[in-house]
Amino acid sequence: MSYELCEKVRSLEPYQPITGEYRIRLDANESFFSMPEELREEFKAIVESLDFNRYPDPMARELIAAFCDYYGLNPDTVTATNGSDEMLYLLASAMLPKNSTVVVTDPDFSMYQFYSFLSENTVIPCRKNELMALDVEELIRTVNDNQADMVIFSNPCNPTGQGISAEAARRLVSSVKALVVLDEAYMDFWDQSILTEATSYDNLIVLKTASKAVGSAALRLGFAVANPTITNALRAVKSPYNVNTLTQRLGTCIYRHKDLLQERCKAIVDSTRALYEAFLKLQETYQLSFDMANPCANFVFIRWNEAGSLFDYLLKQGIAVRYFKQAGALRVTAGSLEENAQLLQTVEKYIIEKTLSENR
Ligand SMILES: *Cc1c(COP(=O)(O)O)cnc(C)c1O
């Protein structure tokens with residue numbers, strides 16, 4: 001006798017971000033800021049006083065209080081998780097009945113489809129238009145025509161960097177019976193949030209993460225905000241000790257540094273704007289035929305028939321960005337001034353070399 005893996009998992013491969021050493025990492029939408037020294041000092045005191053032999057607070061009360069203070073929320077409406085990823089998994093599995101239908105937008109964050117695949121939900125994609133914008137009326141129709149149980153999407157969107165207005169998001173939530181999961185992972189960089197209104201709907205969950213604007217991807221920390229009825233269910237289905245004590249304590253400390261977080265957020269928005277404008281300038285100077293929308297998050301998304309070849313070129317020069325083969329696009333996270341400058345210089349070098357080789 002021999003054991004065989006079930007069909008569903010047989011050909012799956014572990015998630016592989018770009019491996020190898022790159023001097024500039026602009027591939028994962030992380031913050032380009034590392035933790036400042038003053039916070040690291042506070043972290044040391046936290047580690048020294050940690051009760052390593054005790055389980056964490058299952059409700060992460062102190063952490064949720066700090067998070068709520070930062071965003072102006074009521075603690076009874078928040079669930080903390082081991083990264084948003086844990087919540088995405090719970091939403092696709094525990095929160096839905098068997099044989100559920102989930103509507104996603106396409107392109108969007110690939111994890112939504114992945115967890116629905118694992119949970120054997122039926123996934124129905126609502127495609128974005130040729131400009132990569134989301135048509136909310138079409139999304140509403142897709143959800144209702146298919147009697148979907150859940151619709152999930154990111155706003156602003158990863159990878160397109162485009163967003164829908166708060167008004168359009170409200171219209172969606174109040175026009176469908178389905179549970180709406182609105183992933184505002186990048187909303188710190190934009191101003192169309194409905195986070196503080198999440199509890200006024202009976203079918204809305206808004207997701208936040210510490211991995212992007214808060215610069216703490218290493219901690220694995222996410223939050224779901226919803227009315228108390230949904231929140232009770234989310235707290236009930238999560239594993240009891242999902243957020244470890246170290247993450248809870250460090251996260252609490254970080255969210256209490258409001259001024260620092262807001263200052264950094266603004267610097268990241270400025271860097272993104274500068275990067276976008278520099279690409280526009282390259283486009284004008286060299287008459288390039290790429291498509292790039294005004295970015296609402298901390299990255300630019302460039303659709304170009306050179307995407308694959310430029311991606312390889314950048315990697316060879318030690319610069320990692322994200323390549324979306326199907327969309328024929330590059331997603332470039334905004335970096336520090338120095339990182340952006342090096343990236344742009346290398347892109348320009350590519351353009352010049354490429355033009356030379358084409359003219360030969
Ligand atoms: C990066 C990202 C997240 C964050 O996930 P974590 O598990 O909290 O790191 C969530 N949603 C989207 C769309 C993202 O791009």
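Remember, it's 1-based here, ligands and their atoms both numbered in the order they're listed.
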Query raised in the report: Given that the side chain starts at C-beta and the backbone is N, CA, C, O, which of these parts of Asp85 lies under 4.0 Å from ligand 1, counting heavy atoms, or is it both or neither?
Result: both
Query raised in the report: Should the pair Phe67 and Tyr255 be assigned to parallel (<30°), tilted (30 to 60°) or perpendicular (>60°) ring geometry?
Result: perpendicular
**Report entry** Under-4.0 Å heavy-atom contact with ligand 1, by part of Arg220 that carries it
**Finding:** side chain
Query raised in the report: Heavy atom under 4.0 Å from ligand 1: found in Lys212's side chain, backbone, both, or neither?
Result: side chain
Query - Region of Tyr112 engaging ligand 1 - heavy atom pairs below 4.0 Å - result: side chain
Query raised in the report: Can you find a side-chain donor-acceptor pair between Thr346 and Gln317 that sits under 3.5 Å?
Result: no
Requested in this report: Report yes or no: does Asn29 have a heavy atom closer than 4.0 Å to ligand 1?
Outcome: no
Query raised in the report: By number and element, which atoms of ligand 1 are closer than 4.0 Å to a non-hydrogen atom of Ala185?
Result: 10 (C), 11 (N), 12 (C)
Query raised in the report: Which residue owns the protein heavy atom closest to atom 10 (C) of ligand 1, what's the atom, and how far is it?
Result: Asp183 OD2, 3.5 Å
Query raised in the report: Which bit of Ser84 gets closer than 4.0 Å to ligand 1, counting heavy atoms only: side chain, backbone, both or neither?
Result: both
**Report entry** Whether Tyr115 and Tyr89 hold their rings parallel, tilted or perpendicular, with breakpoints at 30° and 60°
**Finding:** parallel
**Report entry** Over-ring placement of Arg303 relative to Phe301, 6.0 Å and 45° cut-offs
**Finding:** no
Query - ligand 1 to Ser211 polar contact by distance, N or O atoms, under 3.5 Å - result: yes
Query raised in the report: Can Asp85 and Tyr15 be counted as having a side-chain donor-acceptor contact under 3.5 angstrom?
Result: no
Report summary line: ligand 1 to Gly83, heavy atom cutoff 4.0 Å, flagged ligand atoms 7 (O), 8 (O)
**Report entry** Closest approach of Ala213 to Asp188 (non-hydrogen atoms, all atoms of both residues)
**Finding:** CB-CB, 3.5 Å
Query raised in the report: Going by the atom numbers of ligand 1, which of them fall below 4.0 Å from some non-hydrogen atom of Ser154?
Result: 13 (C)
Report task. Quick one: closest heavy-atom pair of Ile254 and Ser216, and the distance? Result -> CD1-OG, 3.5 Å
Query raised in the report: What about Tyr186 and Phe299, are their ring centers closer than 6.0 Å?
Result: yes
